[in-house]
Protein chains: 2
Amino acid sequence: MGIPATAKIDRKSYEPAYAQLAKILKRQISDGIYRPGDRLPSEAKLCEAYDVSPMTVRRVVNMLVEQGVAVAEQGRGTFVKPLGLGTAVFHLDALQQFFDDAENTRVKLLETRIVSADERTARKLSISQNQRVVFIRRLISQNGIPSLYHREYLIYDPERPIIEAEMEVTSLRGLFSGASESTLKWGNLLIEATILRDEEARVLNSQSGAAAFRLEHIFYDFDNQPLSLGWFISPGDRLHFKTSVGIQE
Amino acid sequence: MGIPATAKIDRKSYEPAYAQLAKILKRQISDGIYRPGDRLPSEAKLCEAYDVSPMTVRRVVNMLVEQGVAVAEQGRGTFVKPLGLGTAVFHLDALQQFFDDAENTRVKLLETRIVSADERTARKLSISQNQRVVFIRRLISQNGIPSLYHREYLIYDPERPIIEAEMEVTSLRGLFSGASESTLKWGNLLIEATILRDEEARVLNSQSGAAAFRLEHIFYDFDNQPLSLGWFISPGDRLHFKTSVGIQE
DNA sequence: CATTTTAACTTCTATATACAAGTTTATAAC
DNA sequence: GTTATAAACTTGTATATAGAAGTTAAAATG
């Protein structure tokens, strides 16, 4: 019967069997041997064809499903998933690239000030309107070119030692890469397209009215209390997001 | 010894044991029982504490790692991962929402025309500059409000039957949700912040110079030949992307 | 005291097995 | 011919087991 093993699994390789089989199947899909909508061989047949145990095949199928390459329907089979734009994701690590090469990147602390929360800040941070917050403005430059403007309101609480650590100019980097920051539990993010206002354009050495991304963030602690509200602003000509859909290569 | 089972697994539940255990562990992390950087109990101890097999625990740990909640280091242990902005992902299915309620959404075909490829189009589609391509302009409106403007250049090849299907006004929806479209294998996506030009503002019933997202796409077939180059443009006040990082709830 | 070796512990891969649950197809019954 | 039944096949869950590979800390050795 049609055992479609186009490649074998090298048991002497350091690459695990499940990774090899996943690669083989994805390659076959990429080559058009299995087209979108087609049914992949059943797990039992894959076991026999590639001489691996059912659990290993199971793992491979799960990987393909999680990667969005296939969909599994109980009792029917596993089918190659057609390309769908809605499944595309773009990663924020494009921003992280700013901090990766520490040599060419400089974080400049423009201002730290204690102010009274305005209406919007108070509402989003779940505090009263007259309560005091720490206002921070930072500018991230790369090779001398300012590319990220950051404004942030921080809850001002003398009992919590967060503020000092947060004020460190280097703390931004840890926020992206996931260093310490063990006081933060989760955050809400919002990306908008906007245009630079006068002050933003001045700081970023750009033109007022130019296209820009705005990333709003609210971070919460382990008591689900808002700790921070802020925005990253980057001119559109200095930042973009790339991604891809479907089966590569 | 410290067996930290704060909840038990209900074997009579329809929810699989691995899902229950994953939920329990995530809840404990969310509650601060295990803080970022802390080591989770070893797999052996989890087996004993929750009375499940090693493979089930293995599966749960893998889930947590894939979800970005924890990191596993061979020989050392599994540790709670601190929140990192760089791990954030934005899903493009925000765009798909436009097509979900078919009643309120209308796709209008503004123009289809056969033109000669200009320099940029020819380069990105890997064709010669004088070669003919199909140019399509579409407008997607929701509740009468135009919210997406789509321009696309399609390879014109009489031998390939793609064009007719692509020209269907409904084909856009299939592109997002992942319907047929079995001729497309993969695509490159680029998201930029831009401002509306005169023609775009006119079509979108907006103002020239307003902030907007631009999503460029290039799709390839199973021979890795470019088939389509196009752009979605949406005013910034009618589209934004939300997501979150860390451990919810 | 410094170094090496050993033991204990960790995650990681892989197999073999059993049964549950859903779908499809062939068979039997009416 | 239509309907019910049964069989075969599919993915899904769960267990028990074995060993590989990496880390850490204690014990042995010099």
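Naming convention: chains lettered A, B, ... in sequence-line order (proteins, then strands); numbering from 1 in each chain. The model shown is predicted, which means the values in this text are computed figures rather than measured ones. No hydrogens, no waters, no symmetry mates; every other heavy atom, side chains included, goes into these values.
- Each of D:dA14, C:dT11, D:dT11 was ranked by its minimum atom distance to the side chain of B:Thr78; first place goes to C:dT11.
- For DNA chain C, none of the residues of residues 59-69 of chain B falls under the heavy-atom distance limit of 4.0 Å.
- Side-chain proximity of B:Ser42 to the nucleotides C:dT13, D:dA14, C:dT11 is greatest for C:dT11.
- Listed candidates were D:dT11, D:dT15, C:dT11. Nearest to the side chain of B:Arg58 is C:dT11.
- Proximity of a side-chain donor or acceptor of B:Thr243 to a complementary backbone N or O of A:Leu189 within less than 3.5 Å is not detected.
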*Heavy atoms under 4.0 Å is the rule here; annotate nucleotides 17-25 of chain C 5' to 3' with B where the base is hit, S where only the sugar-phosphate is, and - elsewhere.*
B---BBSS-
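- When each of A:Val52 and B:Gly77 is assigned the nucleotide of DNA chain C bearing its nearest heavy atom, the one mapping closer to the 5' terminus is B:Gly77.
- Minimum atom distance to the side chain of B:Pro16 is reached by D:dA14, of the listed D:dT11, C:dA14, D:dA14.
- Rounded to whole Å, the distance from CZ on B:Arg39 to C1' on D:dA25 is 13 Å.
- Both A:Ala44 and B:Arg11 sit near DNA chain D, but only A:Ala44 has its closest nucleotide nearer the 5' end.
- Neither side chain, B:Gln20 nor B:Lys8, offers a donor N or O lying under 3.5 Å from an acceptor on the other.
- Between A:Thr56 and the phosphate of C:dT13, there is no side-chain N or O to OP1/OP2 separation shorter than 4.0 Å.
- Rounding to whole angstrom units, CG of residue B:Leu40 and P of C:dC9 are separated by 19 Å.
- Judged by distance alone, the side chains of A:Glu216 and A:Trp231 do bring a donor and an acceptor atom under 3.5 Å apart.
- B:Asp31 contributes no side-chain N or O that, together with a main-chain N or O of B:Gln28, makes up a donor-acceptor pair within less than 3.5 Å.
- B:Ser147 and B:Gln142 form no side-chain donor-acceptor contact under 3.5 Å, judged by distance and modelled atom types alone.
- Rounded to whole Å, atom P of D:dA14 lies 16 Å from atom CG of B:Leu46.
- With rounding to whole Å, A:Lys12 atom NZ is found 18 Å from D:dA20 atom P.
- Note: CG (B:Asp10) to P (D:dA14) measures 12 Å, nearest angstrom.
- Rounded to the nearest 0.5 Å, atoms CZ (A:Arg138) and OG1 (A:Thr112) are 10.0 Å apart.
- By the 6.0 Å contact criterion, CG on A:Asn224 is enclosed, its count of non-hydrogen atoms from other residues, nucleotides or ligands being greater than 12.
- Here the side chains of A:Arg76 and A:Arg39 are not in contact, with every heavy-atom distance at 4.5 Å or above.
- B:Glu43 has its CD atom 16 Å from the P atom of D:dA16, to the nearest Å.
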*With side chain to side chain contact (heavy atoms under 4.5 Å, CB included) as the test, would you mind laying out the steps for A:Tyr34 and A:Leu40 before giving the verdict?*
CA-CA 7 Å; A:Tyr34 303 115; A:Leu40 292 177; 3.6 Å; yes
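- Between the C1' atom of C:dC9 and the NZ atom of B:Lys45 lies a distance of 9 Å, rounded to the nearest Å.
- Between A:Lys185 and B:Ser30, the side chains place a donor N or O and an acceptor N or O closer than 3.5 Å (distance only, hydrogens not considered).
- Atom CD of A:Glu15 is separated from atom C1' of C:dA14 by 15 Å (rounded to the nearest Å).
- Between B:Tyr18 and D:dT13, a side-chain N or O to OP1/OP2 separation shorter than 4.0 Å is present.
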